[in-house]
Student: 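Here it is: the structure, laid out below.
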Protein chains: 2
Amino acid sequence: MLIERFKGGDPRALARIITLLESGEDFPEELRQLPRTARVIGITGSPGSGKSTLTDQIIQELRNLDLRVAVIAVDPSSPFTGGAILGDRIRMSRHALDSGVFIRSLASRGALGGVSSKTLQVLSALEAFGFDVILIETVGVGQSEVDIASIADHTVLVLTPNQGDAVQAFKAGVMEIADIFVVNKCDLPGADRVVRELHATVTLGITPDWMPPAVKTNAQKGEGIAELLQALQDHRDHLGEEGLRERRLHRLRFELRSLLEDWAQGRLKDAENQLPEVLSGKRSLHELFLSLF
Amino acid sequence: MLIERFKGGDPRALARIITLLESGEDFPEELRQLPRTARVIGITGSPGSGKSTLTDQIIQELRNLDLRVAVIAVDPSSPFTGGAILGDRIRMSRHALDSGVFIRSLASRGALGGVSSKTLQVLSALEAFGFDVILIETVGVGQSEVDIASIADHTVLVLTPNQGDAVQAFKAGVMEIADIFVVNKCDLPGADRVVRELHATVTLGITPDWMPPAVKTNAQKGEGIAELLQALQDHRDHLGEEGLRERRLHRLRFELRSLLEDWAQGRLKDAENQLPEVLSGKRSLHELFLSLF
């Protein structure tokens, strides 16, 4: 009956299923076969870069186009979790009367500090529910900002002018994940400098033959949002059907790896009380390894 | 016969077995039961901190005590591999006539950019061969310096005075792995400042109730090596039998995880050509996942 309500488009059924997924239940087999057409957009950047406000503006713009939008706010760093959930509530209340918007914070942490397999299952549920666009917002810490690029069709990396050497501010491998750069808070001094810095430094990213553009926004005032959506559309056009398919294969690969990692973590835990036998030489580690399957 | 020669203490048999392990052969079952008493010391630090020279001096000092010493130089970063292998050859030639010293460079890379399960098998082979001390030297990049602390009985982190804000120079989580800090090149200005900085910043590390000491060395001139060996002995005494056992359980846990990761990597590769069927909806990802076992 929960499944029927979900299929009928009841957002409370969706919320309930997400809660069940988070508590460790398996993804319902009946939902696996539902068609999925959502565009998945990853939004990442340093804390304080204004990602939430930007996400909010994107929601507004997509709603003006009558598209149904879901947001997953992934927050792998516990210090920020409180803030994310608070911000989440504020946003929730703003869109509370709009059944075309669904927002959920996930504080769960993957095995490697990145995006967990549970988050991927929540994403699957949102796809199966029939959203047109799913935004995944993550704070750029740990592994999550790199993971996001493995999941999303389009990855947006948010910078600000006051980030000092913005380009140097990111760990190796992070700049490369961006399909689109956003220089938010562009009313602050230095915005043009950051854009120039990006143009000078950035070469090709993940998408073949695509030079990631830098879009200036002022999310507080809603400026530059239309340009950002245009850049997303340009990237979509550039990907084409084949490129989009590649991205989705990549997401499946990532999801399969997450499932295997979860399994391995569980087996490691089970093996724990047998390690002393290996240490004492009673059995070999290889034997123990084989017994885990 | 190779195994018999190995058991008889033939270093060429050891070298051959290591080559076989590196090429992907399984660890020989006959060697699993051999007694292991080696002390495993991890030595890590930034490129240019003088780890190799320091290792060399430690070898010398241990040889003076008539202990048999093996060195594994792990180099997960291809740019430095050439240098490591060159340095390795120089060291090899210096100890070429000394059958109590065995040195081997491993350029292999773990699944996560850290220490690979092959490296752990080489370590097992060296233990089974009967070395008294095994030094594992790794450049402090990627995951390898954190991995080393999961493997070693004692972890030495090498800094230099000219490293600027030495303590800040390391990524989060790296300072914590040290059982002993070495401030090498202590004839350079700033050595005492780094020692003070360490004393001010460093709290407890991995070993319960152990405050990691900072030892000044000048490896080029052989100064401070005796003090470093004393610090290692102090740490050994502090660990006690129970602490040492904990370390070795931790190493087994790490090795088991590496085996599981290797397995998962292999299965992911095999699953690759079945991902399109999942994408097209012919089968579910969960089905594919279950079919991997």
Side-chain angles (χ1 to χ4, degrees), chain A residues 26-29 31-36 111-113 117 120-121 124 141-143 171-173 244-269 271-272 274-290 292-293, chain B residues 26-29 31-36 111-113 117 120-121 124 141-143 171-173 244-269 271-272 274-290 292-293:
Chain A
D26 283 340
F27 193 84
E29 203 53 50
L31 302 187
R32 293 192 197 280
Q33 308 305 333
L34 295 177
R36 288 142 192 244
L112 302 170
S117 65
L120 291 164
Q121 291 186 345
S124 283
V141 289
Q143 181 62 21
K171 291 199 306 284
L244 202 58
R245 189 184 137 85
E246 277 304 316
R247 288 282 175 127
R248 282 161 188 195
L249 276 176
H250 197 61
R251 191 197 308 165
L252 284 178
R253 196 176 293 131
F254 182 88
E255 193 165 354
L256 190 56
R257 188 184 302 132
S258 298
L259 290 171
L260 284 167
E261 272 164 13
D262 284 0
W263 174 83
Q265 288 292 331
R267 301 313 288 134
L268 270 174
K269 223 178 262 175
E272 183 61 33
Q274 292 162 68
L275 286 178
E277 284 188 23
V278 178
L279 193 61
S280 69
K282 250 184 231 153
R283 62 194 296 195
S284 77
L285 188 67
H286 196 69
E287 251 175 69
L288 174 56
F289 169 67
L290 292 177
L292 297 179
F293 291 86
Chain B
D26 283 341
F27 193 82
E29 204 53 52
L31 303 187
R32 290 192 199 282
Q33 308 306 333
L34 294 177
R36 288 142 193 246
L112 302 169
S117 65
L120 291 163
Q121 290 186 346
S124 283
V141 289
Q143 180 64 20
K171 292 200 305 285
L244 202 59
R245 189 183 136 84
E246 277 305 315
R247 288 283 175 125
R248 282 162 186 194
L249 277 176
H250 197 61
R251 190 198 310 168
L252 283 177
R253 196 176 292 130
F254 183 88
E255 192 165 354
L256 189 56
R257 188 185 302 130
S258 297
L259 289 171
L260 285 166
E261 273 164 13
D262 284 359
W263 174 83
Q265 288 294 331
R267 301 312 287 135
L268 270 173
K269 223 178 265 177
E272 183 61 31
Q274 292 162 68
L275 287 177
E277 283 188 22
V278 178
L279 193 62
S280 68
K282 250 184 231 155
R283 62 193 298 194
S284 78
L285 189 67
H286 196 69
E287 250 175 68
L288 173 56
F289 169 67
L290 293 177
L292 296 180
F293 291 86

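Source: prediction; values computed, not measured. Each chain gets a letter, A, B and so on, in the order its sequence line appears, and its residues count up from 1.
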Student: With the side chain counted from C-beta on, respond yes when B:L259 and A:L292 share a heavy-atom pair under 4.5 Å apart, and no when they do not.
Tutor: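 No - every pair of side-chain heavy atoms lies 4.5 Å or more apart.
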
Student: According to salt bridge (Lys or Arg N to Asp or Glu O under 4.0 Å), who are the partners of A:E29, at least two apart in sequence or on a separate chain?
Tutor: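 A:E29 satisfies salt bridge (Lys or Arg N to Asp or Glu O under 4.0 Å) with A:R32 only.
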
Student: What part of A:R251 is in contact with chain B, defined as an atom under 4.5 angstrom from a non-hydrogen atom: side chain, backbone, both or neither?
Tutor: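 Looking at A:R251, nothing touches chain B.
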
Student: With rounding to the nearest 0.5 angstrom, report the CZ to OG distance, B:R245 to A:S280.
Tutor: 8.0 Å

Student: Please round to the nearest 0.5 Å and tell me the distance separating atom CZ of A:R257 and atom CG of B:L268.
Tutor: 6.0 Å

Student: Rounded to the nearest 0.5 Å, what separation is found between the OG atom of A:S284 and the CG atom of B:L31?
Tutor: 12.0 Å

Student: What is the minimum heavy-atom distance between A:L252 and B:L275, and which atoms define it?
Tutor: CD1-O, 3.8 Å

Student: When you compare the side chain of B:F293 with that of A:L260, does any pair of heavy atoms fall below 4.5 Å?
Tutor: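 Yes, their side chains come closer than 4.5 Å.
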
Student: When rounded to the nearest 0.5 angstrom, what distance separates CZ in A:F289 from CG in B:D262?
Tutor: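 Answer rounded to 0.5 Å: 8.0 Å.
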
Student: Taking all non-hydrogen atoms of both residues, which atom of A:P276 and which atom of B:L249 are closest, and how far apart?
Tutor: N-CD2, 3.8 Å

Student: Which residues pass the side-chain contact (heavy atoms from CB on, under 4.5 Å) test with B:H250, not counting sequence neighbours?
Tutor: B:S150, B:R253

Student: Who wins among B:E272, B:R267, B:E287 for the most heavy-atom pairs under 4.5 Å with chain A?
Tutor: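 The residue among B:E272, B:R267, B:E287 with the greatest pair count is B:E272.
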
